[in-house]
Amino acid sequence: MTAKLIHGYEVVIGFETHAQLATHSKIFSRASTAFGAEPNTQACAVDLALPGTLPVMNREAVACAIKLGLALGSHIAPQSIFARKNYFYPDLPKGYQISQFEIPVVQGGEVSFYLGDEKKTVRLVRAHLEEDAGKSLHEEFHGMSGIDLNRAGTPLLEIVTEPDMRSTDEAVAYAKALHQIVTWIGICDGNMQEGSFRCDANVSVRRPEAPLGTRREIKNLNSFKNMQLAIDYEIRWQIEQLEDGHKIQQATVLFNPDTGETRAMRTKEDAADYRYFPDPDLPPLCIAPEWIERVRAEMPELPRAMAARFVQQYGLPEYDATTLTQSQAMAAYFEDTAKACGQPKLASNWVMGEISRRLNTEEIGMEAVKVTSGQLAALIGRIQDGTISNNAARQVFEALWSGEGSDVDAVIAAKGLKQMNDTGALEAIIDEVIAANPANVEQYKAGKDKAFNALVGQVMKASKGKANPQQVNELLKAKLA
C-alpha cells in the first residue's frame, strides 16, 4: 500500500525503545531496582564505578534478552560484546555507559500488528543490553538541579527498528504492539509513567522516492497519547521548515505536553562522538544453544499464536481473537468463561463489551475485574436457557459488579427477573393485546412490519418485561396468521 502523503511529503519513522527489565537487581550489581525508594539509597559502589569494583553480569537480564529474541523471531548471538559508551552528564556517575555496540545480543526480527484491517510489519535492527543512567531533577530545587542515582545500573533492553513506519498511527500501533509483547512474556512491567517503557521516535520527511531526510529524535515519550501528539507536531514543523526553504538539522528534541510542541535539546550525536570501545572489565557474553532451548520451553503462548488458536478452536472472528489477546489476563478470563458456558462467541461479546466498558470507565485493569469468569459463564447460561432476557442479564451483571449479590440465580430470584415462559399465560396476554389494538393488527396484515413491532412492545409491557421475546414473536405470528 502506498504511504499517505502530507502536503506532498512522505513521513519516515523509526523507533528506539528502552524496556526496563523485570529483574530484582541491577544489570552489573546486586543493588535493588525497586521503584520509589528515597533518592540515592539504591546506588552501590559498582554502580558508581568506584575504584576496586568490577561489574558482574546479571544472568536474569540475559534470559530476558533471550525471551525477547524468541518472541520476535530474532537471531540470538552466541557471543556478544559489551562496550563503553563515553559521554559526560551529571547523572552518569561513571562518565560512560556500559552498552553493546558492534555485536548486540539480539539481531533482526520483526513486530507484526494490525492497523485497522491491514497487517503491518516493522523490521528490527537489534536489541542490546545496557545499563540506565541516573536522573536529574530540576523542578524540586530552586535555581539548582538534584541528582538521583537510584536508576544508575538498572538493566535495559534497547530495541531499535528500521525506519519502516510511514504515519503517526502506524508508529503508535507499533509501540502498543511492542508494549504488549514485552509485558506478555514478562520481561518488563510496561509502566510508562515510571519510565519502565520509554520510546524515542526518529522522525523525518521527504519527497516521494527521494533519499531519506534528516531525522530528529524525540526523546522519552512516556505515553501513547503524547507519542501521537509529539510525532504529529514534529511532522508539521519539519514540513513547514522545508517549505520555507530551511534545512533540517539533526537534533535530539523533547516534547512539552503543556504546549504541544517539540524543542531542540542538543544537536544529535553520531556513534563516533561516543568513542565506543570494548569494556575491559567484562568478558564476551556467551549464550549456549541449550540455554536458549531451556528459555524457549518456559515461554508462554505468544499473542498472535493464541489469537490464531482462538479463531480455530472457538470459531471467533479474527477481530475478536486479536482484541481478546491484548493481555494475558483478558485472554485467560475469556477462555475460562467460554469453557464454562460453552458459548465462546457470547463470552467474547460480553468480555469485549460490558466487561471492557466497565474497566475503561473505572480505569482499572483485568486484575481488578469485579465479576468472575464463573459468574459471567453462569449469567450467559441463564440467557441461553431462556431463564432471563438480555435486558435482565444486564441488570444481573450490574448487581454482580456492584456487589449486591454473588450468585446469579439468587440475584435473578431477588429481583424477579425470571422470564415468563408459560405458554398459556403468554397466550392470554397476547389475546388481550390483539383485542385492544385492532388498528395495529390490520396494519400488520396489510404488510407493515412496524405494526408487528408495536404489538410485541405492548406484550412486553403487559408482561412487565418478563416475557421471552423470541417466544412472544413466535406466538404472536401464529395468532395473527
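Remember, it's a predicted structure, so these values are computed and weren't measured experimentally.
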Inter-residue atom distance [X].[atom1] - [Y].[atom2], 0.5 Å rounding:
{"X": "Met299", "Y": "Ile185", "atom1": "CE", "atom2": "CD1", "result": "5.0 Å"}
{"X": "Glu110", "Y": "Asp164", "atom1": "CD", "atom2": "CG", "result": "10.0 Å"}
{"X": "Met227", "Y": "Tyr174", "atom1": "CE", "atom2": "OH", "result": "10.0 Å"}
{"X": "Leu70", "Y": "Ile76", "atom1": "CG", "atom2": "CD1", "result": "4.0 Å"}
{"X": "Asp232", "Y": "Ser167", "atom1": "CG", "atom2": "OG", "result": "9.0 Å"}
{"X": "Asp132", "Y": "Leu156", "atom1": "CG", "atom2": "CG", "result": "4.5 Å"}

Counting only heavy atoms not in [X], do more than 12 fall under 6.0 Å of its [atom1]?
{"X": "Gln241", "atom1": "CD", "value": "yes"}
{"X": "Lys345", "atom1": "NZ", "value": "yes"}
{"X": "Tyr89", "atom1": "OH", "value": "no"}
{"X": "His7", "atom1": "NE2", "value": "no"}

How about Phe82 and Phe28: are their ring centres within less than 6.0 Å of each other? yes
Could you check Asp148 against Lys135 for salt bridge (charged side-chain N to carboxylate O under 4.0 Å, His left out), going step by step and ending with a plain yes or no? CA-CA 5 Å; Asp148 179 6; Lys135 187 175 183 181; over 6 Å; no
Val160 vs Leu124, test: side-chain contact (heavy atoms from CB on, under 4.5 Å). Steps then yes/no. CA-CA 6 Å; Val160 184; Leu124 300 182; over 6 Å; no
With sequence neighbours excluded, residues passing side chain to side chain donor-acceptor pair (under 3.5 Å) with [X]:
{"X": "Ser74", "result": "none"}
{"X": "Gln228", "result": "Asp169"}
{"X": "Lys94", "result": "Glu131"}

Short question: side chain of [X], backbone of [Y] - any donor-acceptor pair under 3.5 Å?
{"X": "Gln312", "Y": "Ala308", "value": "no"}
{"X": "Gln107", "Y": "Pro104", "value": "yes"}
{"X": "Asn58", "Y": "Glu60", "value": "yes"}
{"X": "Thr337", "Y": "Leu376", "value": "no"}
{"X": "Asn226", "Y": "Asn222", "value": "no"}
{"X": "Gln180", "Y": "Thr325", "value": "yes"}
{"X": "Ser373", "Y": "Asp336", "value": "no"}

If you apply the rule side-chain contact (heavy atoms from CB on, under 4.5 Å), what do you find for Glu130 with Gln97, and how did you get there? CA-CA 8 Å; Glu130 65 182 21; Gln97 175 191 32; 3.5 Å; yes
Shortest non-hydrogen contact between [X] and [Y], atoms and distance:
{"X": "Ala347", "Y": "Cys341", "answer": "CB-SG, 4.4 Å"}
{"X": "Leu129", "Y": "Ala61", "answer": "CD2-O, 3.8 Å"}
{"X": "Gln375", "Y": "Lys370", "answer": "OE1-O, 4.1 Å"}
{"X": "Ala63", "Y": "Val295", "answer": "O-CG1, 4.3 Å"}
{"X": "Cys64", "Y": "Leu157", "answer": "O-CD1, 4.2 Å"}
{"X": "Gly95", "Y": "Phe88", "answer": "O-CE2, 3.9 Å"}

Per salt bridge (Lys or Arg N to Asp or Glu O under 4.0 Å), Glu170 is matched among Lys176, Lys4, Lys120 by Lys120
Residue pairs passing the side chain to side chain donor-acceptor pair (under 3.5 Å) test where at least one lies in residues 254-263, sequence neighbours excluded: Glu234-Thr262
Which residue pairs pass the side chain to side chain donor-acceptor pair (under 3.5 Å) test with at least one member in residues 37-50, sequence neighbours excluded? Lys26-Asp47, Ser29-Asp47
Please list, chain by chain and in numerical order, all residues satisfying ring-ring contact (aromatic ring centres under 6.0 Å, His included) with [X], sequence neighbours excluded.
{"X": "Phe255", "value": "none"}
{"X": "Phe197", "value": "His179"}
{"X": "Phe310", "value": "Tyr314, Phe334"}
{"X": "Trp291", "value": "none"}

Among Tyr96, Tyr87, Phe101, find the residue that satisfies the ring pair (Phe, Tyr, Trp, His ring centres under 6.0 Å) test when tested with Tyr276. Phe101
Can a salt bridge be assigned to the pair [X] and [Y] using a cut-off of 4.0 Å between side-chain N and carboxylate O?
{"X": "Arg309", "Y": "Glu335", "result": "yes"}
{"X": "Glu10", "Y": "Arg206", "result": "yes"}
{"X": "Asp91", "Y": "Arg151", "result": "no"}
{"X": "Lys219", "Y": "Asp200", "result": "yes"}

Among side-chain atoms of [X] and [Y], is any donor-acceptor pair under 3.5 angstrom?
{"X": "Tyr114", "Y": "Glu318", "result": "yes"}
{"X": "Ser136", "Y": "Ser145", "result": "no"}
{"X": "Arg216", "Y": "Thr252", "result": "no"}
{"X": "His246", "Y": "Glu240", "result": "no"}

For [X], salt bridge (charged side-chain N to carboxylate O under 4.0 Å, His left out) partners two or more places apart:
{"X": "Glu398", "result": "Arg358"}
{"X": "Arg84", "result": "Asp279, Asp281"}
{"X": "Arg236", "result": "none"}

How far apart are the C-alpha atoms of Val369 and Tyr333, what are their side-chain angles, what is the distance that settles it, and do they pass the side-chain contact (heavy atoms from CB on, under 4.5 Å) test? CA-CA 10 Å; Val369 70; Tyr333 185 96; 3.9 Å; yes
Check the pair Val46, Leu54 against side-chain contact (heavy atoms from CB on, under 4.5 Å), reporting the backbone distance first and the verdict last. CA-CA 6 Å; Val46 175; Leu54 288 172; over 6 Å; no
